[in-house]
Amino acid sequence: MEINLISDTVTRPTEGMMKAMMQAKVGDDVFKQDPTVNELEELVAEVFGMEAALFFPSGTMANQTAIKLLTQPGDELIADHYAHIYNYEGGGVSFNSGVSCRLITGDRGKITASQVEANINPPDFYHSPLTTLVSLENTTNKGGGACYDMDEILAIKNVCDQHGLKYHLDGARLWNALIAKNQHPKQYGAVFDTISVCLSKGLGAPVGSVLISSKENIQKAIRVRKIFGGGMRQAGYLAAAGIYALEHHIERLSEDHRRAKELETVLKTLPWVAKVEPVETNIVIFSLQQGIEDANFMQLLKQKNILISSLGKSKLRIVTHLDYKQVMHEYVLEVMQKLEIPGFN
Ligand SMILES: *Cc1c(COP(=O)(O)O)cnc(C)c1O
């Protein structure tokens with residue numbers, strides 16, 4: 001048995017989810033005739049209290065579409081330097097939208113209203129790019145699953161309104177933030193121009209993200225998705241997994257959070273661990289004492305059938321998820337506590 005803690009994207013559909021997929025009514029979604037995709041889009045729009053939503057094959061495509069909708073070539077957007085849209089979307093911001101990124105060094109991927117305000121280029125100074133968009137990430141991926149306080153999100157919204165900036169949320173793991181902070185999706189729907197959410201991370205669907213916005217924006221988003229090559233035909237089989245996930249897999253995220261917290265607690269006691277970043281959701285980032293190679297350590301765990309990942313710069317990452325069960329968790333905690341690292345026990 002292999003325990004894969006590389007990401008919450010490694011999950012496979014549960015039996016119930018598979019059944020829902022097999023029973024899905026489908027049609028051609030490129031003609032908007034897939035009833036299950038339509039149902040998913042209406043459901044997600046409703047959950048966020050926004051007008052409309054659109055199903056995407058990936059979170060990357062949903063984010064890139066939002067950025068395309070909200071900017072013009074030559075513009076600049078503001079984001080944290082850890083942002084997924086900047087680091088892990090293949091340079092899509094410049095490739096797809098001709099937009100530059102003004103990167104802020106925030107706190108574990110989170111930026112503040114005053115940082116945003118200080119990084120807006122004066123609009124009448126035509127030598128610099130025009131700032132038109134602020135993009136937040138919640139929870140932060142590279143920031144170790146940290147989540148925003150609603151007060152900060154609203155303060156940044158205020159700055160956006162004062163300066164006529166659009167406001168996007170990369171909410172790939174927003175579900176985790178909602179559970180951890182006890183927030184409601186409608187609080188987010190009321191604030192952002194566009195929100196992307198993933199169904200294929202903590203929620204455990206095999207494929208899919210949703211972009212949520214106004215009717216007008218989503219109408220434009222259909223064309224952008226087409227241009228990006230994202231039109232899918234009988235996508236209802238995938239949408240059915242998403243609907244099932246929304247109905248069954250949100251509340252249980254608290255289990256992933258508890259297990260991540262327990263891993264944090266144990267790691268902190270171990271002599272070979274140098275630092276564990278504070279755990280807020282389902283991501284644990286830690287580093288090893290000097291003299292231990294990350295690659296060797298990961299190999300050691302691999303021999304015990306535990307897979308984890310490296311973020312580079314001596315940061316290791318564990319992500320808990322739907323397929324990481326209690327028995328596996330207890331085994332991992334035990335392995336960590338018994339691990340012999342020469343010179344550090
Ligand atoms: C995973 C992720 C995405 C989207 O990734 P895809 O693999 O394209 O679905 C976007 N933003 C963040 C923060 C993510 O963690």
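For ligands, and for the atoms within them, numbers begin at 1 and follow the listed sequence. Computed over heavy atoms, backbone and side chain alike; hydrogens, waters and symmetry mates excluded.
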- Message: Under 4.0 Å, heavy-atom basis, I'd like to know which part of Asn63 is in contact with ligand 1: side chain, backbone, both or neither.
- Response: side chain
- Message: Just to be sure I read this right, does ligand 1 sit under 4.0 Å from the backbone of Met61, its side chain, both, or neither, counting only heavy atoms?
- Response: neither
- Message: I need the nearest protein heavy-atom contact for atom 11 (N) of ligand 1: residue, atom name and distance, please.
- Response: Asp170 OD2, 2.6 Å
- Protein contact to atom 9 (O) of ligand 1 [nearest heavy atom, distance to 0.1 Å]: Gly59 N, 2.8 Å
- Item | Distance filter under 4.0 Å to Glu137 heavy atoms, resulting ligand 1 atoms | 13 (C)
- Message: I'd like to know whether OH of Tyr86 has more than 12 heavy-atom contacts from other residues, nucleotides or ligands below 6.0 angstrom.
- Response: no
- Flag yes if more than 12 heavy atoms outside Glu152 fall under 6.0 Å of its CD atom; otherwise flag no. yes
- Any chance CD of Glu293 has more than 12 other-residue heavy atoms, nucleotides or ligands included, within less than 6.0 Å? no
- Task: Give yes or no for whether the N/O distance cutoff of 3.5 Å, strictly under, is met between Lys201 and ligand 1.
- Result: yes
- Query: Looking only at N/O atoms, are Ser200 and ligand 1 under 3.5 Å apart anywhere?
  - Reply: no
- Message: Please report whether ligand 1 has a polar contact with Glu89, defined as an N or O pair separated by less than 3.5 Å (distance criterion only).
- Response: no
- Arg258 atom CZ, neighbour heavy-atom count above 12 within 6.0 Å: yes
- Query: Is it true that Lys315 and Glu277 have a side-chain N and a carboxylate O under 4.0 angstrom from each other?
  - Reply: yes
- Task: Check each heavy atom of Thr60 against ligand 1 and say whether those closer than 4.0 Å belong to the side chain, the backbone, both or neither.
- Result: both
- Compute the shortest N/O to N/O distance between Asn141 and ligand 1 and return yes if it is under 3.5 Å, no if not. yes
- Looking only at heavy atoms, the pair that brings Gly106 and Ile111 closest together is CA-CG2, 4.4 Å
- Near Ser58, which atoms of ligand 1 are under 4.0 Å from a heavy atom of that residue? 8 (O), 9 (O)
- Would you confirm whether Arg225, through its side chain, and Ala62, through its main-chain N or O, come within 3.5 Å as a donor-acceptor pair? no
- Message: Please say yes or no: joined through hydrophobic side-chain contacts below 4.5 Å, possibly via intermediate residues, are Ile292 and Ile306 part of one cluster?
- Response: yes
